[in-house]
Amino acid sequence: EVVRNFYLTLWNVYSFFVTYANLDGFDPRSAPVPVSERDPLDRWILSELHALVREVTQGYETYDVPRTTRPIEAFVNGLSNWYLRRSRRRFWKSESDADKLAAYQTLYECLVTVAKLLAPTMPFLSEALYRNLVASTDASAPESVHLAFWPACDEALIDEKLMSNMRLAQKLVSLGHAARNSAGIKVRQPLAEAVFVVRYSAEREVVRGLAATIAEELNVKTVQVAESAEAMVSYSLNPLPQVLARVLRGDFPKVQRALREGAPADVERWAKALLAGETISVEVDGQSYTITPEQCEVVQSAAVGYAMAEEYGYVAALATTLSEELIQEGLAREFVRRVQSLRKDADFDISDRITVTYQASNRLGDAVRAFAEVIQRETLADALVESGPEAGAHSAAFSFDDETVTIGVRRV
C-alpha cells in the first residue's frame, strides 16, 4: 500500500521533474525568482511545504511517529494531484520565461526538502533523490542526504489564508467530480457550467477568485456561485411508516399519498420547512394532519439538466445538457488521448514533432477539423492530415463514444 499510494506517486513526480529539467537544461543554481513574484500555485505549495517542515520537525522533537510520516504522504499527494497537474503546461511550453523557471525552482525545492524529511524513515529512497537532485549538481553540497542539515521552516512563507482557500477549491472540485460520476459523464467531456453553494458568505469571493482553477479542473466553461441550491434541486417526500403509521393509524395511507403525490409547489414548501426543522400541516379530505421532521424524510435530487453532489452544506451542481460544440470538443479530447497513446507506444521522445494522419467516422471527423489547432498543439503535431496511415507510421484503430477512427503517427 505504501509503495502504491506514496512511493510511486513521489517517484512519478521526481521522474517528471528530471525528464523536463534535463530537456530544458534547468540549473538549480540559477538566481531564484522572488516568491512574491511567482504564480499563486507556487506560493501555495511552498506554504504547504514549510508548514510540513514545521509539523514533521515538531513530530520528531516530541517522538510522535505518525506526525513524522503521514503529513509527508498527504503533502506528496497534493504535490502530484494538484500542484503538478495544475502546472504541467508551464513545464511543457516552449518559451523559457520567468514563470517556467519559477515552476522548476518550486518543484525542485519541494523534492529536495521532501527527500530530507524522509531521510530518517526511508533512507534509501531519500538518498537516491538527493544524490541526483543535489549532490550531482552542486560540488559544494554534502555528498549524502544523511550528512545534510535538516530543513528549516520559513514562517514568512506560510500563508494560512492561501492554504485555506486552496483547500476549499479542492473540496469543491472533489464534489464536482462526484456530481460528474453520478451522471456518468467523463472528465474529458466539457460541460457548460458548474454552480456551487458554500456555507459562508466569505467563501463566495474565494470561489470567484479561484474560478479559473476550478473550471479547468472540472472541465467546465464557467463557474457560478449561488446563495442556495433551489434552482438545481428537486424535492420528494418519503413518510416513514414505522414512525408516522403508528400515529395516524388508518389515516396513514391517504396522508402518505398526499405527501408523495402533492402538487410540486406544495411538496417543495413542505420539504423546505421540514429541512429547517419545522413541523408542517397537511390537509386531506377536510382534515388537518401535523407532520414532524422525524416522521417524514426529505429526499433531495438534482433538477432536470443538472448533476449534483452535496457534503456538509457544500453543494456542486453541473449542467449536463450538451451542445453540439461541447460534444465535438469532448470527441477532440478523446482523439488527443489516442494520439498520445500512440506516441508512447511508438517510443517517441516527449519533444519529438510528429505528423498525424486519420480516417474517422463523420461526427468525429467534424470534431477533429473543428479543433485541429488544439489537437496539433497538444500532440506536437506539425501536420494533421485526413488520410490513411503513411508508410512506416505507427498506427491503430480505435472505437469510442459510438465513433471509429484509424490514426497514424510518424516522427518528423
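The first residue of the sequence shown is numbered 1, and numbering continues consecutively from there. Note that these values count all heavy atoms, side chains included, but never hydrogens, waters or copies made by symmetry.
Between the side chain of Ser15 and the backbone N or O of Trp11, at least one donor-acceptor pair lies under 3.5 Å. At distances below 3.5 Å, at least one donor-acceptor pair connects side-chain atoms of Ser361 with backbone N or O atoms of Thr404.
Within 6.0 Å of CD in Glu95 there are more than 12 heavy atoms belonging to other residues, nucleotides or ligands. Few gaps surround CZ on Arg260; more than 12 heavy atoms of other groups in view lie less than 6.0 Å from it. The number of heavy atoms from other shown groups lying within 6.0 Å of CZ (Arg411) is above 12. Within a 6.0 Å radius of CD in Glu373, other residues, nucleotides and ligands contribute 12 heavy atoms or fewer. Taking a 6.0 Å sphere around CG of Asn22, one finds it holds more than 12 heavy atoms contributed by other residues, nucleotides or ligands. Residue Arg208 qualifies as enclosed at atom CZ: its count of foreign heavy atoms under 6.0 Å is above 12. With a 6.0 Å radius and a threshold of 12 heavy atoms from other residues, nucleotides or ligands, Glu155 has its CD atom above the threshold.
A side-chain N or O of Glu203 and one of Tyr314 form a donor-acceptor pair less than 3.5 Å apart. No side-chain N or O of Thr406 forms a donor-acceptor pair with one of Gln359 less than 3.5 Å apart. When only modelled atom types and interatomic distance are considered, Glu325 and Ser323 share no side-chain donor-acceptor pair under 3.5 Å. For the residue pair Asp349 / Ser351, a side-chain donor-acceptor distance below 3.5 Å is found, with atom types taken as modelled. In the model, Thr357 has no side-chain atom that pairs as donor or acceptor with a side-chain atom of Ser387 under 3.5 Å.
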Item to check | Trace of the salt bridge (Lys or Arg N to Asp or Glu O under 4.0 Å) decision for Glu386 with Arg369 | outcome: CA-CA 9 Å; Glu386 191 168 3; Arg369 287 186 289 273; 2.9 Å; yes

Check against salt bridge (Lys or Arg N to Asp or Glu O under 4.0 Å), Glu61 and Arg67: CA-CA 10 Å; Glu61 290 177 347; Arg67 199 174 176 188; over 6 Å; no

(request) Run the numbers on Phe398 and Leu342 for side chain to side chain contact (heavy atoms under 4.5 Å, CB included), then give the verdict. (result) CA-CA 11 Å; Phe398 300 97; Leu342 284 176; 4.0 Å; yes

Task: Steps toward side-chain hydrogen bond (donor to acceptor under 3.5 Å, both in side chains) verdict (Thr279, Thr290) - done: CA-CA 7 Å; Thr279 61; Thr290 299; over 6 Å; no

Exercise. What's the verdict on side chain to side chain contact (heavy atoms under 4.5 Å, CB included) for Phe6 and Asn77, showing C-alpha distance, side-chain angles and the deciding distance?
Worked result: CA-CA 8 Å; Phe6 174 73; Asn77 183 61; over 6 Å; no

Verify ring-ring contact (aromatic ring centres under 6.0 Å, His included) between Tyr358 and Phe335, making sure each step is shown before the conclusion. CA-CA 10 Å; Tyr358 70 96; Phe335 183 88; 5.7 Å; yes

One pair to check against side chain to side chain contact (heavy atoms under 4.5 Å, CB included): Leu259 and Val255. What are the steps and the verdict? CA-CA 6 Å; Leu259 287 167; Val255 175; 4.1 Å; yes

Test side chain to side chain contact (heavy atoms under 4.5 Å, CB included) on Val13 and Leu107; report intermediate values, then the result. CA-CA 9 Å; Val13 175; Leu107 187 52; 3.9 Å; yes

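The side-chain heavy atoms of Trp82 and Ile45, taken from C-beta on, include no pair separated by under 4.5 Å. Taking 4.5 Å as the limit, some side-chain heavy atom of Cys153 sits within range of a side-chain heavy atom of Ile158. A 4.5 Å side-chain heavy-atom check between Val145 and Lys116 finds at least one atom pair inside the cut-off. Here the side chains of Arg204 and Glu227 are in contact, with some heavy-atom distance below 4.5 Å. Pro32 is listed as a side-chain neighbour of Arg38, based on a closest heavy-atom distance under 4.5 Å. Using a 4.5 Å heavy-atom cutoff, the side chains of Met163 and Trp44 are in contact. Inter-residue side-chain proximity for Ser80 and Asn12 is flagged as unmet; no heavy-atom pair is nearer than 4.5 Å. Side-chain contact between Val33 and Asp42: absent, with no pair of heavy atoms (C-beta onward) separated by less than 4.5 Å.
Note that CZ of Arg343 is 13.0 Å distant from CD1 of Ile407, once rounded to the nearest 0.5 Å. One distance of note links CZ of Arg180 with CG of Asn219; it measures 5.5 Å at 0.5 Å rounding. Separating the CG atom in Asp382 from the CD atom in Gln376 is a distance of 8.0 Å, to the nearest 0.5 Å.
Below 30°, between 30° and 60°, or above 60°: for Trp150 and Tyr60 the angle between ring planes is above 60°, a perpendicular geometry.
A salt bridge does not link Asp159 to Arg43: none of the charged nitrogens lies less than 4.0 Å from a carboxylate oxygen. Classification of Arg86 and Asp39 as a salt-bridged pair fails, no side-chain N sitting under 4.0 Å from a carboxylate O. Comment: Lys100 does not engage Asp97 in a salt bridge, judged by the lack of any side-chain N to carboxylate O separation of less than 4.0 angstrom. Here Arg85 does not pair with Glu216 in a salt bridge; the nearest charged N to carboxylate O distance is not below 4.0 Å. A salt bridge links Glu324 to Arg363: one of the charged nitrogens lies within less than 4.0 Å of a carboxylate oxygen. The pair Arg54-Glu160 meets the salt-bridge criterion, with a side-chain N (NZ, NE, NH1 or NH2) lying under 4.0 Å from an Asp/Glu carboxylate O.
Relative to the ring axis of Phe400, Arg338 places its NZ or CZ within 45° and under 6.0 Å from the centre.
Contact between Leu117 and Val56 at its shortest, heavy atoms only, is CD2-CG1, 4.2 Å. Taking each heavy atom of Ile291 and Gln295 in turn, the nearest pair found is CA-OE1, 3.5 Å. What you find for Thr321 and Leu326 is that their closest heavy atoms are O-CD1, 4.2 Å. Closest non-hydrogen pair, Ala309 versus Ala179, comes out as CB-N, 3.8 Å. Met308 approaches Ser182 most closely through the heavy-atom pair O-OG, 4.1 Å. Scanning all heavy atoms of the two residues, the minimum distance from Val298 to Ala271 falls at CG1-CB, 3.7 Å.
Ring centers of Phe91 and Tyr20: at least 6.0 Å apart, outside the cut-off.
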